[in-house]
Amino acid sequence: MKKLSSIRQDIDWFKNNQEYVYLDSGATSLKPKSMVDAIVYYCNNVSTNPHNDDSMFTHKAHIVMDQTRGKIAKVLNTTKDSIIFTPGATYSLNWVADYLEPFLNEGDEIILSNGEHASNLLPWYDLRSKKNVKLLFAEIDIYSDNIDKFLNLVSDKTKVVAFANETNLLGNIIDANLLAKKIKEINPNIIVSVDACQYLAHNRMDLSDSNIDFVSCSAHKMMGPTGIGALYINEKLIEKVKPSLVGGGMNFEIKKNYYTLVSGVQKFEAGTPNILGIYGWNESLDYYLDQELEEAKKNIYSLKHYFDIELEKIEGFKILNKGIDAFNTIFVKEGVFSQDFASHLGNKKIIVRSGLSCAKLANEVINQEHVIRVSYHFYTNKNDIDKLLHVLKEYKKGDELDGLL
């Protein structure tokens with residue numbers, strides 16, 4: 001089993017970019033060598049279609065696909081019969097909205113929040129245009145559990161509640177199981193969809209006795225490859241839900257006048273899957289099954305609080321999510337456009353993110369149109385933070401214009 005305590009040594013990026021500091025893991029995570037090696041191994045040693053079960057050799061890819069599905073299920077504490085592979089969380093979130101479209105009527109209500117990523121906003125915006133449904137927004141804040149903000153909007157018109165259980169900009173966490181439980185107590189027919197991209201980058205979930213209907217995630221946030229993700233579908237819905245794509249691998253019988261589907265999760269996976277991505281994710285998922293996960297999370301929280309405390313000592317900076325346990329810090333440099341300041345940090349070989357990180361409504365929460373986001377992962381260490389603090393302390397007005405003028 002791979003250990004989180006040695007993760008930094010497992011990532012070649014640090015060897016190949018020794019002068020750089022990587023603090024943009026909220027956008028995408030760095031990749032361990034074992035993940036890269038697994039992809040290369042598939043290409044050089046297997047390279048078969050997982051739908052081919054005609055020999056023991058060709059069956060190898062199918063075995064790894066099944067293993068990976070099982071590991072995702074362990075991270076979510078559910079059965080692998082509820083996990084389907086998708087091209088990523090954005091696809092999964094769109095899939096949920098598309099599936100629900102036929103069941104929605106004019107005047108029905110969908111509850112979101114103003115902290116959501118664009119990928120959990122735009123699919124519902126499209127539904128609003130198509131079906132004339134109403135979108136309601138829970139006005140969340142950083143320093144509360146926000147449960148009541150959602151519940152206060154639930155009515156007899158509510159059909160869907162869709163939210164991120166960790167916001168990618170604000171950094172706050174919402175207890176998805178508790179919120180889903182309370183929603184279903186009001187109306188068990190309300191669909192609950194969770195965007196768990198950011199949350200699963202550093203956490204496991206417990207869906208063993210959950211009221212959540214759908215959970216979306218992406219491998220690249222979890223030290224895995226891009227272009228592969230997963231969608232959890234509550235077992236109560238598996239046989240009711242129809243696939244969004246049809247094709248090879250998911251049909252049971254085809255005649256000239258009809259076709260039938262296989263049962264279970266395989267019916268959702270038409271065509272050849274991203275087996276390269278599955279091989280890679282299979283390796284990086286081992287880190288999330290490490291018993292040290294909770295301790296590793298505490299280490300990140302400690303780094304976050306350390307940075308918050310030290311940054312507050314430097315004149316001219318304002319922290320916008322100070323004091324909370326989170327995997328990112330958002331701040332502004334007074335009087336400097338955040339993109340310019342992020343560019344300045346990049347020139348100093350420190351990689352961060354500026355803007356609103358695709359959470360385009362979150363400006364209502366923080367009263368800022370743009371911020372700098374520093375995001376951490378299991379491989380971030382105190383030396384990274386100290387290098388950033390050194391650059392921030394050395395900053396002089398106008399430095400952000402170097403290279404621009």
Side-chain angles (χ1 to χ4, degrees), residues 26 75-78 89 92-93 96-97 109-121 123-124 135-154 158-187 190-218 221-222 231-232 234 293-294 297 300-301 304 320-330 356-366 373 375-376:
V75 170
L76 296 175
N77 196 21
T78 187
S92 299
L93 293 164
V96 173
E109 294 178 353
I110 298 171
I111 299 174
L112 310 169
S113 88
N114 59 347
E116 300 304 317
H117 188 281
S119 294
N120 199 34
L121 290 175
W124 308 109
L135 302 185
L136 304 179
F137 294 89
E139 306 291 333
I140 65 172
D141 67 69
I142 295 172
Y143 296 102
S144 73
D145 65 12
N146 292 297
I147 298 293
D148 288 340
K149 307 282 179 62
F150 288 90
L151 297 179
N152 291 339
L153 295 177
V154 176
T158 304
K159 295 297 186 291
V160 183
V161 180
F163 63 96
N165 55 342
E166 181 182 337
T167 54
N168 74 304
L169 181 72
L170 307 176
N172 62 306
I173 291 174
I174 295 171
D175 187 331
N177 278 328
L178 177 60
L179 179 51
K181 178 176 182 293
K182 289 182 176 293
I183 289 168
K184 298 285 188 172
E185 287 173 351
I186 298 172
N187 181 352
I190 295 173
I191 295 294
V192 178
S193 173
V194 177
D195 172 3
C197 262
Q198 293 295 328
Y199 187 84
L200 288 175
H202 318 94
N203 296 275
R204 292 189 287 262
M205 291 181 70
D206 186 0
L207 301 177
S208 58
D209 186 29
S210 177
N211 290 282
I212 298 170
D213 297 296
F214 300 101
V215 175
S216 301
C217 68
S218 281
K221 306 285 188 181
M222 303 173 69
L231 175 66
Y232 159 84
N234 192 296
L293 181 71
E294 290 301 314
K297 282 167 51 180
I300 300 176
Y301 290 155
K304 196 270 185 188
L320 302 167
N321 64 345
K322 180 176 63 176
I324 66 169
D325 286 342
F327 299 99
N328 67 298
T329 296
I330 51 176
L356 291 174
S357 301
C358 292
K360 297 301 179 68
L361 302 181
N363 60 325
E364 300 176 356
V365 183
I366 55 178
R373 183 184 69 177
S375 49
Y376 320 98

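Only this structure's heavy atoms are used, side chains among them; waters, hydrogens and symmetry mates stay out.
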Gap separating the CD1 atom of Ile173 from the CG atom of Asn165, nearest 0.5 angstrom: 8.0 Å
N/O donor-acceptor pair under 3.5 Å between Glu139 side chain and Asn114 backbone: no
Side-chain touch Ile330/Leu169, heavy atoms, less than 4.5 angstrom: yes
Residues which pass salt bridge (charged side-chain N to carboxylate O under 4.0 Å, His left out) with Lys181, listed by chain and number, not counting sequence neighbours: Glu185
Partner set under side chain to side chain donor-acceptor pair (under 3.5 Å) for Asn120, not counting sequence neighbours: Glu116, Trp124
Any pair counted as salt bridge (Lys or Arg N to Asp or Glu O under 4.0 Å), so long as it reaches residues 206-216, sequence neighbours left out: Lys184-Asp213
Pair Ser92, Tyr232: side-chain N/O donor-acceptor within cut-off below 3.5 Å: no
Side chains of Thr329 and Tyr376 in contact at under 4.5 Å (non-hydrogen atoms): yes
Side chain to side chain contact (heavy atoms under 4.5 Å, CB included) assessment of Asn211 paired with Ile183: CA-CA 9 Å; Asn211 290 282; Ile183 289 168; over 6 Å; no
For Asn152, side-chain contact (heavy atoms from CB on, under 4.5 Å) partners two or more places apart: Asp148
Residue pair Ser216 / Leu231: nearest heavy atoms and the distance that separates them: OG-CD1, 3.5 Å
Sequence-distant partners of Lys304, salt bridge (charged side-chain N to carboxylate O under 4.0 Å, His left out), two or more places apart: Asp308
Spacing of Leu136 atom CG and Leu153 atom CG [to the nearest 0.5 Å]: 5.5 Å
Validation row: Leu76, Leu200 side chains within 4.5 angstrom (heavy atoms): yes
From Leu135 atom CG to Leu112 atom CG, the distance as rounded to the nearest 0.5 Å: 5.5 Å
Aromatic ring pairing Phe327/Tyr301, orientation class (parallel under 30°, perpendicular over 60°, tilted between): tilted
Shortest non-hydrogen separation from Ser218 to Ala89 and the atoms involved: OG-N, 2.7 Å
Residues which pass side-chain contact (heavy atoms from CB on, under 4.5 Å) with Thr167, listed by chain and number, not counting sequence neighbours: Ile140, Leu170, Asn172
Considering all heavy atoms, the nearest Leu121-Ser113 contact: CD2-O, 4.1 Å
Test item: Met205 and Thr78 side chains (from C-beta on) under 4.5 Å apart, heavy atoms: no
Side chain proximity check, His117 to Leu93, heavy atoms < 4.5 angstrom: no
Non-neighbouring partners of Lys149 that pass side-chain contact (heavy atoms from CB on, under 4.5 Å), sequence neighbours left out: Ala138, Asp141, Ser144, Asn146
Thr158: side chain to side chain donor-acceptor pair (under 3.5 Å) partners, not counting sequence neighbours: none
Test side chain to side chain contact (heavy atoms under 4.5 Å, CB included) applied to Ile212 and Leu207, step by step: CA-CA 8 Å; Ile212 298 170; Leu207 301 177; 3.9 Å; yes
Set of side chain to side chain donor-acceptor pair (under 3.5 Å) partners for Asn177, sequence neighbours left out: Ser210
Partner set under ring-ring contact (aromatic ring centres under 6.0 Å, His included) for Phe150, not counting sequence neighbours: Phe163
Flag side-chain contact, heavy atom, 4.5 Å: Val75 against Asn203: no
Minimum-distance pair of heavy atoms, taken over all atoms of Ser193 and Val96: OG-CG1, 4.0 Å
Test side chain to side chain contact (heavy atoms under 4.5 Å, CB included) applied to Leu179 and Val194, step by step: CA-CA 11 Å; Leu179 179 51; Val194 177; over 6 Å; no
Within 6.0 Å of NZ in Lys159, more than 12 heavy atoms from elsewhere: yes
Nearest non-hydrogen partners of Lys221 and Cys197, listed with the distance: CB-O, 3.8 Å
Any residue meeting side chain to side chain donor-acceptor pair (under 3.5 Å) with Asp175, in chain and number order, not counting sequence neighbours: none
Side chain to side chain contact (heavy atoms under 4.5 Å, CB included) between Ile366 and Ile142, intermediate numbers included: CA-CA 9 Å; Ile366 55 178; Ile142 295 172; 3.9 Å; yes
Under the salt bridge (charged side-chain N to carboxylate O under 4.0 Å, His left out) test, residues paired with Lys360 that sit two or more places apart: none
Val160 vs Phe214 side-chain heavy atoms within contact, under 4.5 Å: no
Tyr143 vs Lys322 side-chain heavy atoms within contact, under 4.5 Å: yes
Considering all heavy atoms, the nearest Ala180-Val192 contact: CB-CG1, 4.0 Å
